[in-house]
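Remarks on the structure that follows.
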Amino acid sequence: MKNKMAIVSSVMMILTMTGSTTVLSTLARANSLPSAKISMTQAEASVKKIFSIPNEYRLQSTYFDTSSNGSYYDLSYAYTSPDKQSHYMDITISAITGLVTNFSRDTLASGFVYPLPTSQTQAQALAIAWAKKLYPQEYSQVKLLPMLPNTGLLTQPMSYQFNFERIENGIPAPFDGFSITIDQNGMLIGANQNWTSGVSFTKPQAIISPSQANAIEQKWLKLTEAYTNQYQNGTNVYRMTFSLPNLLSASSWNEQFGTQAVGLPSIQATNGRVIDANLKPIASPSTPLISPLQPGGPTEFPFGHVVHWTRAQALSFAQKTLQIPATDHLTNASQSQTYPSGDTQWTFTWADAKHNSVNTTIDATNGTLQSFSYNPATPVKTKSKKTQEQINQAAINFLKQLYPQDTGGITVTLPNKNNKAKNIVTDLNFQLVVHGLLDQNDSGTLYVDPKTGQVTSYWGGFTATPKDFALPSQGMSLTKAKQLWLKDFPLQLVYGITQTNSPKVVLLYAPTQDTTSLYLDALTGNLLNPYGSSNPMSTEIRDTKGLVQAQAIAILAQYGLISVDSHGDVHPQQAMTREEFVNLVVNALEKPHPILYNVFAASANATTSSQQVSYNEMQTAFLNGWLKQGSLRNPNVLITRSEAAQIMIRALGYAAILNHPSIFQLPAKDASQMASADLPADALAYGLGLISLQNGYFHPNGHLTIADAALAIVRVATAYNEGQHLFTSANGVGALG
């Protein structure tokens, strides 16, 4: 793939239609540039033929680019109609081979529609046809990979991207290949190709055996045991896990057309060396050493002891802990509550006679310092600097003073004591140590002024309590974890291309996943990925065959909005909880708001916890007015059909008319028994085809299944884009009476 931004040496001319071919042809023949085998005129004719560019599109500009990768013509077309000038086509074609290396155009679809005009199966057939047309020679040397999940909002036009990976000597070369993108109307909207030439692909001869590679991997592999915060089974909890230590110096391999990255270790098949993409050897990672503030010191958790301090008690704690002089003047004292827990915070500010100020926030519910900053009125005038050892000791002394009962349970990440003065590190991190293991979620930072050696800012994010952590004795041994790791990440023979100045193709044994972001649960042996999976999407869902909601379920699975288990099942008749449905609606229609604190004091009664996997989504729905406040108290109850209707209709922006039940009619046998507060949303949900009747009944208190929710959401996404056409009923029955 040619990256225009990365071209080291390029010549670019923006030309009008008149005379562009002559100038570019002359330029291409210049001795300073690689000679072009086709002219601009030929390139333009080829592009118009391949893509059948309509006459309404006019060539706006042309470029000639040259780099170490070759010479290219770039052509940009725009729609001539003033009201459609946003429609475009951008095409890059090789001046040497005549192959299209990049094609992009805007989709003409205005938004998501259901049913989809083009299914995934139809889109795949179209993609293969385009692949054969654009890359007839290369097509015989590629493999179509499983599709990755879609990203973005469901309300946007859907598209399908198909990746074709290069295969040489029967071995994947994922840095080469091409991708074809088809939109929901069956239109080609993207093509991207990279095909490395001038390099040799070593045949799998005279290489180490798979057993030898496995032995190297087993010797090289080191795992770190720690406590990490993980999403699992609907909650965000502490897990005792094993993971690969961080390897900051290792450069990654270019895997642009593969569905998964080449992981570590990457073992050079010809000599058994573990290398990165710069051909540099990677030493076996070492497990980080844990050194508490005071070895053998007390290990009392700094959080979780509810104290409910008064203003005076919080003030006294801050003055004593931070050693605020009695002569300093208290200029501010304000109280607030955290959301949604309702914990009390006190913020205090002091100023001395020289106008230096100190600002601090105290968690008065749990008795901890949350933040602190010292702000001098004028900079310190001195050229002297503290040594790294003095900086380190200042940080340790501050934390000992702050956490005298947990000096054996906190560690500071210290830089090398032998650092030279010019490399002084002043921002230091600290973490909890629990049962001898690092707690990688509960941490904090502090800054030490290199001139004075004084800690001038602090932030501590401790939230853990003793009940959160399993004992190491309950988990598996390091040996067992290593065995599972090696089983879950088998080595595969694959080609990699180096990131060196002169790229070289090397034959590697490597895992086919990015192992640096994965964790192994020390209790269950399950693999955990807190960053979301980028694994290929299964094209086969077993338990939806024959269901009218099958395509809707497949669409949501493609977007990662509902999960498909390892057997290919989604369990369509399973009832959904309130949290699960809200998570589905919010992620389909808009990005969740980040976690907000100090928003509503009244929400302190909510039991929705920031430890829940869908906390942001529940908060977003609440702040948008889609959820009633009481709903936050019970996120795990099964959602009723009426409540689902309320959420969807409010999400569509029609909350105001829900206060007028008299204008609605619902042809359901149980309509007369419905609460007046439920009837408007239920009638609209039926009229828009979001929720259908069951044997003539709406069943407002019945539970919503995954299948019915899937069909409702794809229709909500369609209605979301219809604007004034919102009340065109999908059932042929008007919702308004």
Side-chain angles (χ1 to χ4, degrees), residues 109-117 150 152-158 184 547-562 570 572 576-592 614 617-618 620-628 631 639-658 664 666 678 680-693 698 700 702-736:
S110 58
F112 175 85
V113 294
Y114 181 83
L116 283 173
N150 282 31
L153 301 178
L154 185 61
T155 54
Q156 301 300 313
M158 187 173 182
Q184 64 189 26
L547 294 181
V548 295
Q549 304 98 330
Q551 188 188 42
I553 292 172
I555 291 169
L556 297 191
Q558 179 60 35
Y559 276 86
L561 295 172
I562 59 174
V570 297
M576 299 191 79
T577 66
R578 177 180 288 146
E579 180 184 23
E580 289 170 339
F581 184 72
V582 169
N583 179 68
L584 176 61
V585 175
V586 172
N587 283 296
L589 301 184
E590 65 173 82
K591 291 184 181 297
S614 299
E617 286 79 4
M618 293 290 287
T620 297
F622 178 67
L623 296 178
N624 286 355
W626 304 351
L627 271 179
K628 296 178 180 178
S631 301
I639 194 166
T640 66
R641 289 157 61 87
S642 264
E643 186 181 2
Q646 285 275 350
I647 292 170
M648 290 186 291
I649 297 304
R650 290 175 182 276
L652 287 170
Y654 283 81
I657 62 174
L658 297 181
F664 291 91
L666 176 62
D678 292 337
D682 293 347
L684 279 173
Y686 167 74
L688 294 170
L690 308 182
I691 299 179
S692 60
L693 301 183
F698 188 87
H703 296 142
L704 192 73
T705 65
I706 291 175
D708 289 339
L711 189 59
I713 292 305
V714 294
R715 287 178 170 166
V716 165
T718 300
Y720 204 78
N721 295 296
E722 289 182 349
Q724 66 270 27
H725 306 297
L726 182 63
F727 290 99
T728 302
S729 170
N731 292 325
V733 180
L736 294 177

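This structure is a prediction, so every number in the text was calculated from the model and none was measured. For the numbers below, each heavy atom of this structure counts, side chains included, while hydrogens, waters and symmetry mates do not.
In terms of heavy atoms, Phe581 sits closest to Ile639 at CD2-CD1, 3.4 Å. Contact record, Ala709 with Met576: CB-SD, 3.4 Å, taken as the closest heavy-atom pair. Here the closest non-hydrogen pair linking Val586 and Ala621 is CG2-CB, 4.2 Å. Here the closest non-hydrogen pair linking Ile706 and Val570 is CD1-O, 3.5 Å. In plain terms, the two heavy atoms of Pro157 and Ser110 that are nearest each other are CG-C, 4.2 Å. Of all the heavy atoms in Ala712 and Met648, the pair that sits closest is CB-SD, 3.6 Å.
Proximity of a side-chain donor or acceptor of Asn587 to a complementary backbone N or O of Asn583 within less than 3.5 Å is detected. Looking at Gln184, its side chain does come within 3.5 Å of a backbone N or O of Met158 through a donor-acceptor pair.
Under the side chain to side chain contact (heavy atoms under 4.5 Å, CB included) criterion, Ala645 pairs with Ala681, Asp682, Ala685, Ile691, sequence neighbours left out. Taking the side chain to side chain donor-acceptor pair (under 3.5 Å) definition, one finds that Gln156 meets it with nothing, sequence neighbours left out. By the side chain to side chain contact (heavy atoms under 4.5 Å, CB included) test, Ala651 is found to be paired with Val585, Leu589, Trp626, residues two or more places apart in sequence or in another chain being considered. Applying the side chain to side chain donor-acceptor pair (under 3.5 Å) rule to Glu643 yields the partners Arg578; only residues at least two apart in sequence or on another chain are considered. Under the rule for a side chain to side chain donor-acceptor pair (under 3.5 Å), the partners of Asn150 that lie at least two apart in sequence or sit in another chain are Gln558. The side chain to side chain contact (heavy atoms under 4.5 Å, CB included) check on Ala588 picks up Leu154, Leu561, Ile713, with sequence neighbours excluded.
For the atom pair CD of Gln551 and CG of Leu556, the computed distance is 10.5 Å after rounding to the nearest 0.5 Å. Atom-to-atom distance recorded for Tyr114:OH and Ile555:CD1 is 6.0 Å, nearest 0.5 angstrom. With values rounded to the nearest 0.5 angstrom, Ile647 atom CD1 is found 12.0 Å from Asn624 atom CG.
Listed by first and then second residue, the salt bridge (charged side-chain N to carboxylate O under 4.0 Å, His left out) pairs that reach into residues 644-654 come to none, sequence neighbours excluded.
Looking only at side-chain heavy atoms (C-beta outward), Leu652 and Leu684 stay at 4.5 Å or farther from each other. In this structure the side chain of Arg641 reaches within 4.5 angstrom of the side chain of Asp708, judged on heavy atoms. Here the side chains of Ile657 and Phe664 are in contact, with some heavy-atom distance below 4.5 Å.
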